[in-house]
Every structure is written in C-alpha cells, then in structure tokens.
S.K.: 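Can you keep this structure in mind? I'll have questions shortly.
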Amino acid sequence: MSLLHRIEHAGDALSWRGDMPTQGRYTAGVAGERFFRAIKESGQFLATICLDCDITYMPPRLYCEQCFAHLDEWVEVDPEGHVHTFTVVHQDLDEEPLPEPRILAFVVLDETDGGLVHYLDEVEPEDIYLGMPVEPVLKEKEERQGSITDIKYFRPVTGAA
Amino acid sequence: MEEFVYDAVYLRREDFEEGRVLFETWDPNAQYAWDAGVAIGRYLQELKAGRLIGRSCPECQRIMIPPRMFCESCFCATDQWVPLEDTGTVLTFSRCYVTWDVIQLEKPKMPAVIEIDGASPGMGILHLLGEVDPGLEIGMRVQAIWKPPEERSGSITDIAYFRPLEPSEE
C-alpha cells in the first residue's frame with residue numbers, strides 16, 4: 001500500500017461527525033433599528049430620501065448608495081406595494097420539507113425605490129401576478145418585537161385581486 | 001459634498017440584555033464530518049474488531065501506533081500493517097479532577113500514555129487507567145479492557161480503559 005492508496009469500499013471511509021454549538025446575533029444597525037422601532041411602536045414604515053439623487057430608500061439607509069451623501073431626511077411611506085417577483089418555497093434552510101409551502105415575494109413599496117422580501121398569504125400561487133398590489137398585515141402591537149416578523153405577511157389589497 | 005463622520009456605536013452585553021437594542025438570534029445547524037483518512041480509518045475499524053494495529057517504516061523500521069501513512073522521522077511512506085498486543089506499559093500518567101469543560105470530578109480520571117507491546121519504544125496511545133488505586137506507578141504493566149463488541153463504534157473509546165496486569169498474567 002502506498003500514499004496513493006484508494007478506499008475501495010464506502011464503509012472504509014470513516015469520519016468523525018459532530019456539531020459546532022454556535023449562535024448568531026444580528027443587529028439591524030442605526031437605520032435598521034429606527035426602521036424596526038417605528039414598525040413596532042406605531043406600525044409606520046420609514047424610509048430615507050436622497051434629495052440630490054431623488055431616491056427613496058426602503059429599507060432606509062444611512063447614506064446614499066449613488067452619491068454617498070449622508071441621509072437624514074426620514075419620511076413615513078405608504079406600506080402598500082406590488083409584487084415584483086415571487087417564488088413558492090417547499091423546503092427549509094436544512095432542506096427539510098415545510099409543513100406547508102410558503103410564498104416568498106420581493107414587494108416593492110410604491111412610494112419608494114426599494115422594498116422588502118417577505119411572505120405572501122391569503123392568496124393562492126396561481127392567482128399571483130407580477131405587479132399585483134399588496135399590503136402588509138402586522139402583528140398586534142403587544143406582540144411586536146421590532147423584527148421583520150412583526151409583519152406577518154403581505155396580502156392582496158382588498159378588491160384588487 | 002459635505003463630509004460626514006458617523007458616530008461609532010458600541011454595543012455592550014447590557015444593551016442586549018436590557019432591550020436597548022433590537023436583535024435577532026439564530027442557531028446555525030453547523031455540523032461537521034472529519035475524514036479519518038486511510039491510516040486512522042483502518043485503526044478505528046480494527047478497534048471495532050477488538051484489535052490494535054500499527055504501521056511500520058521501511059527505512060528506520062519503527063512500528064508506529066496510532067498508524068500513519070508516512071514516517072515523520074524519515075519522510076518516507078510507511079509500507080506495512082503490524083498487528084499489536086493490547087497490553088503495554090504506563091509511560092506517564094496524571095490524576096485529573098476536572099473534565100475538559102471544567103466540571104469538578106468526585107473521583108479523578110487517570111489519563112496515561114501507554115506504550116503498546118509490539119510497537120517501537122516510546123510508541124503509545126493516550127487512554128484512561130482503571131482498577132488501579134492505590135499503587136499507580138510509571139512502568140506499570142497494563143491491559144486493555146474492551147467494551148462488548150455490540151457497544152463498539154469504531155472509536156478509541158471502544159477500549160473502556162486499561163487495567164493493571166499482575167506478573168502472573170504475563
């Protein structure tokens with residue numbers, strides 16, 4: 001046998017298996033903190049505006065990605081938007097089947113140049129079309145924690161579907 | 001364009017604990033599989049079968065355990081598997097009163113380096129001693145106590161521990 005010995009039977013390939021106990025913690029940053037606190041406390045959607053570039057950032061940024069200017073113009077925007085693109089998800093991050101498929105969409109908020117990736121619900125996949133008007137459904141105020149999941153999902157604007 | 005210097009934001013443990021900052025936590029499912037390789041792979045399979053095995057070097061004739069595919073003395077490939085005894089001699093030992101994650105033990109563990117019979121001098125493995133107090137000493141002759149075959153998993157823990165050998169057992 002040499003260093004070039006090859007394993008001929010799958011059972012000969014032994015490995016040690018284990019778990020690395022790690023935990024991640026994410027903070028949304030200065031602008032993200034303000035954005036989520038506004039949703040938590042008043043259900044408002046805040047954006048920042050670059051007046052020079054005429055861009056409304058959703059979610060809000062602290063600086064303009066076009067001209068790098070500091071942004072301190074905060075505005076409340078209408079939470080209604082439209083479906084920019086969507087997909088139906090059948091597996092979780094570990095490729096395990098979900099109890100029920102979920103619809104994920106990129107929702108562009110109409111008064112902004114950006115949007116949010118979130119769930120769509122109260123709609124069947126075959127009834128969704130690109131450009132469909134949607135609105136967010138928020139959790140009750142006492143349940144809100146300042147997280148993206150304070151928005152339960154987006155649903156078609158009543159009467160628009 | 002005017003220059004703007006952002007204030008640094010320092011977050012401390014209390015900021016999280018006292019809810020001054022919003023945050024998300026998640027537990028990544030971080031699994032790993034470490035490939036045992038050719039030499040250790042065979043070594044583990046032999047342990048499962050209740051045997052110790054080494055590798056020999058064609059240059060310096062050393063017989064090495066745990067087995068390896070090259071000789072770290074001669075930098076050449078080892079070329080033979082050598083069956084070894086499951087008896088040996090205590091080269092060094094310790095009394096250990098804490099576990100690896102610093103939990104106090106009522107009864108100390110006794111890890112030892114055991115020179116394995118049939119391997120070259122100084123060639124040994126780290127394992128635990130049992131049935132030894134009192135009278136534990138360097139140079140003590142010991143033998144492996146194997147787990148029952150159905151409990152072995154192809155791991156160094158397939159040997160439960162090493163126990164002292166009486167001169168009459170040699």
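Please read all numbers here as calculations on a predicted model, not as lab measurements. Chain letters run A, B, ... following the sequence lines, proteins first and then strands; every chain starts at 1.
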S.K.: Pair A/Glu33, A/Lys40 - check salt bridge (Lys or Arg N to Asp or Glu O under 4.0 Å), show working.
M.R.: CA-CA 10 Å; A/Glu33 177 92 11; A/Lys40 179 177 186 249; over 6 Å; no
S.K.: For chain B, find which of A/Arg25, A/Gln23, A/Met20, A/Arg17 contributes the most heavy-atom pairs closer than 4.5 angstrom.
M.R.: A/Arg25
S.K.: Are A/Asp150 and A/Arg37 close enough for a salt bridge, meaning some N to O gap below 4.0 Å?
M.R.: no
S.K.: Are B/Val142 and B/Leu136 in one and the same hydrophobic cluster, where Ile, Leu, Val, Met, Phe, Trp and Tyr link if side-chain heavy atoms are under 4.5 Å apart?
M.R.: yes
S.K.: Strictly less than 4.5 Å between heavy atoms, which residues of residues 5-21 of chain B line up against chain A? Please order them by number.
M.R.: B/Tyr6, B/Val9, B/Leu11, B/Phe16, B/Gly19, B/Arg20, B/Val21
S.K.: Would the B/Phe162 and B/His127 ring centres measure less than 6.0 Å apart?
M.R.: yes
S.K.: Less than 4.0 Å between a side-chain N and a carboxylate O, is that true for B/Arg51 and B/Glu85?
M.R.: no
S.K.: Do A/Lys152 and A/Glu122 meet the salt-bridge criterion of a basic N to acidic O distance under 4.0 Å?
M.R.: no
S.K.: Checking heavy atoms, do the side chain of A/Asp94, its backbone, both or neither come under 4.5 Å from chain B?
M.R.: side chain
S.K.: For A/Tyr129 and A/Val83, run side chain to side chain contact (heavy atoms under 4.5 Å, CB included): C-alpha distance rounded to whole Å, both residues' side-chain angles, the deciding distance at 0.1 Å, then the answer.
M.R.: CA-CA 7 Å; A/Tyr129 58 93; A/Val83 174; over 6 Å; no
S.K.: Under 4.5 Å from any heavy atom of chain B, what part of A/Leu93 do you find: side chain, backbone, both or neither?
M.R.: neither
